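Written below as structure tokens is the structure these notes are about.
Within every chain, numbering begins at 1; the chains are lettered A, B, ... in the order of the sequence lines, protein sequences first and strands thereafter. Note that the structure is a prediction, hence the values are computed from the model and not measured.
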Amino acid sequence: MINLRLLDDETYRAGAILKGATSEQLDELASAEELRRTMLTEVENLRSQSNAVSKEIGQASPEDRPAKIDAANVLKTELKEKEAALSVQQAAVDALVLHIPNPAHESVPGGGEEDFELVITVGAQAPPPPMDHGEFGASLGWVNTEKGAEVSGSRFAYLQREAVLLEFALVQWVMQKLVARGFIPTVPPVLVREQMMIDAGFFPTDENQVYAVTEDELYLVGTSEVPLAGLHRGDRLDLADLPLRYAGFSSCFRREAGTYGKDTTGIFRVHQFDKVEMFIWSDPAKSWDEHELLLEIEREILDDLALPYRVINVAAGDLGNPAAKKYDCEVWLPSEGAYRELTSCSNYTDYSARRLGTRAKGESGTEFVHTLNGTACAVGRMLLFLMEHYQQADGSFAVPDVLQPFCGFTTVGARN
RNA sequence: GGAGAGGUGGCCGAGUCAGGUCGAAGGCGCUCCCCUGCUAAGGGAGUAGGCGGUUUAUAGCCGUCUCGUGGGUUCAAAUCCCACCCUCUCCGCCA
């Protein structure tokens, strides 16, 4: 949700237009909001009169009351009409606001999906291994997609054997890294109410990507970002306590509607996976530093695992409504000969906090905090990259050095 | 799943049965001032938030809304009615 007060601000408008909003849209909202305020003033004036009359009635003598009550009733009728009109107008404004994106930061390139800015490329583009991650996972008995499909449908899989131990090693390794950086480890609820989905900005836009448990009116989260955002909903934080950094671990559930036939190999795109997510509540003045911190952590994880990757600064048109800026870390997937997204981190500035109602109190008053989120480790997808980069010529697997202390073995011999 | 109790300001807590003088007693905490060798104690004053208007202003002033949330009754609701949400206790069940 944007700040309606800034609709006339030229830089603000320019940023929003870069994100795909039209200047007609912005004007329409601005005039709807102006009308809303005019109507609000009228309503409040009537209420004021009405309150004054009521007070008089309380103090009036019994014989004076009937006449005053009649007068109050006239005001009341008028007030009801104006209030009804106001709430219609309010709804109109609300509907318009939902489609206005958070303006892009000045450092974000314009354009769409192909117009990203390449920030850095690290490592060499390795040649394809003997087996792609799908074949390799099956050969070691790590991934069973057939049984997954039988039991739950396509895009579900069983993860087994060393892959599970590697998952736990990854989670533990990443968590410890984050704890060392001051993140609070958190296992959040994965079923949330509809209101939480709305407040976190996932409804109504992404409603068709979310599993619903209709019987209980709950929804399965697609990322722990949702419940982490709920952790300080409606709170007034102290600026001195910021940043508050959380590391959430949860299973994530995504319907992946509209992706039929895409990424069908192995576990690249599945309905259920585990993820360690970073979420930061930041002092508005320092959120860009926090954003760089998120990127630094994501890069450190990739560097430690010696994965070749590139970082892109996603173009404005490809950002999605809440993000003012987003970095994607794309890791080289040898079997496809392409960089594929593994992690990303975004600065939502005050866009999400305004809807969540999360403010911070500092010396210069109270203001909305900034929120940021980033992937620390999307486990399934991380494993798949490891399966290609750490696959040996003889079909065995060499455990990355940094994970060895956490999983208790260093190699996995070829099977079959 | 069954039964009961309860949600009031930063915190605790009165007010709800008898609707108006209640955005709310009292206490704690916090801020400022006084007193005081220091500290403690003591005296005085102040202290909820959102929104709108006015304004150079996040100051002040005016208005409005908010006593879990949303409706309703009424000239008038913390107080009466309805629905929902949440918390706690007991029983049952359970990893």
Any pair counted as salt bridge (charged side-chain N to carboxylate O under 4.0 Å, His left out), so long as it reaches [range], sequence neighbours left out:
{"range": "residues 155-176 of chain A", "value": "E162(A)-R415(A)"}
{"range": "residues 252-268 of chain A", "value": "E256(A)-R269(A), D263(A)-R269(A), D263(A)-R340(A)"}
{"range": "residues 13-32 of chain A", "value": "R13(A)-D27(A)"}
{"range": "residues 135-147 of chain A", "value": "K147(A)-E150(A)"}

Which nucleotide, if any, forms a Watson-Crick or G-U wobble pair with [N], using both distances under 3.5 Å?
{"N": "A40(B)", "value": "none"}
{"N": "C61(B)", "value": "G53(B)"}
{"N": "C88(B)", "value": "G4(B)"}

Are any protein N/O atoms closer than 3.5 Å to N/O atoms in nucleotides 65-74 of chain B? If there are, list each pair with its distance.
from, atom 1, to, atom 2, distance (Å)
C65(B), OP2, N51(A), ND2, 3.4

Say you pick atom [atom1] in [N] and the same atom in [M]; how far apart are they, in whole Å?
{"N": "G43(B)", "M": "C88(B)", "atom1": "P", "answer": "40 Å"}
{"N": "G2(B)", "M": "A18(B)", "atom1": "C1'", "answer": "35 Å"}
{"N": "C12(B)", "M": "C67(B)", "atom1": "C1'", "answer": "15 Å"}
{"N": "U55(B)", "M": "U73(B)", "atom1": "P", "answer": "39 Å"}

Under 3.5 Å, N/O pairs linking protein and nucleotides 17-22 of chain B:
from, atom 1, to, atom 2, distance (Å)
G20(B), O6, R65(A), NH1, 3.2
G20(B), N2, S54(A), O, 2.8

Donor-acceptor pairs under 3.5 Å, side chain of residues 272-281 of chain A to any protein atom, not counting sequence neighbours: which ones?
from, atom 1, to, atom 2, distance (Å)
D274(A), OD1, S251(A), OG, 2.6
K275(A), NZ, T223(A), OG1, 2.8
K275(A), NZ, E277(A), OE1, 2.7

Exercise. In whole Å, what is the span from the CG atom of L79(A) to the P atom of C75(B)?
Worked result: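 Roughly 13 Å, once rounded to whole Å.
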Problem set entry | P322(A): side chain to side chain contact (heavy atoms under 4.5 Å, CB included) partners, not counting sequence neighbours |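 Partners of P322(A) under the side chain to side chain contact (heavy atoms under 4.5 Å, CB included) test: Y348(A), Y351(A).
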Exercise. Under the side chain to side chain contact (heavy atoms under 4.5 Å, CB included) test, which residues partner D303(A), sequence neighbours left out?
Worked result: V122(A), R299(A), Y309(A)
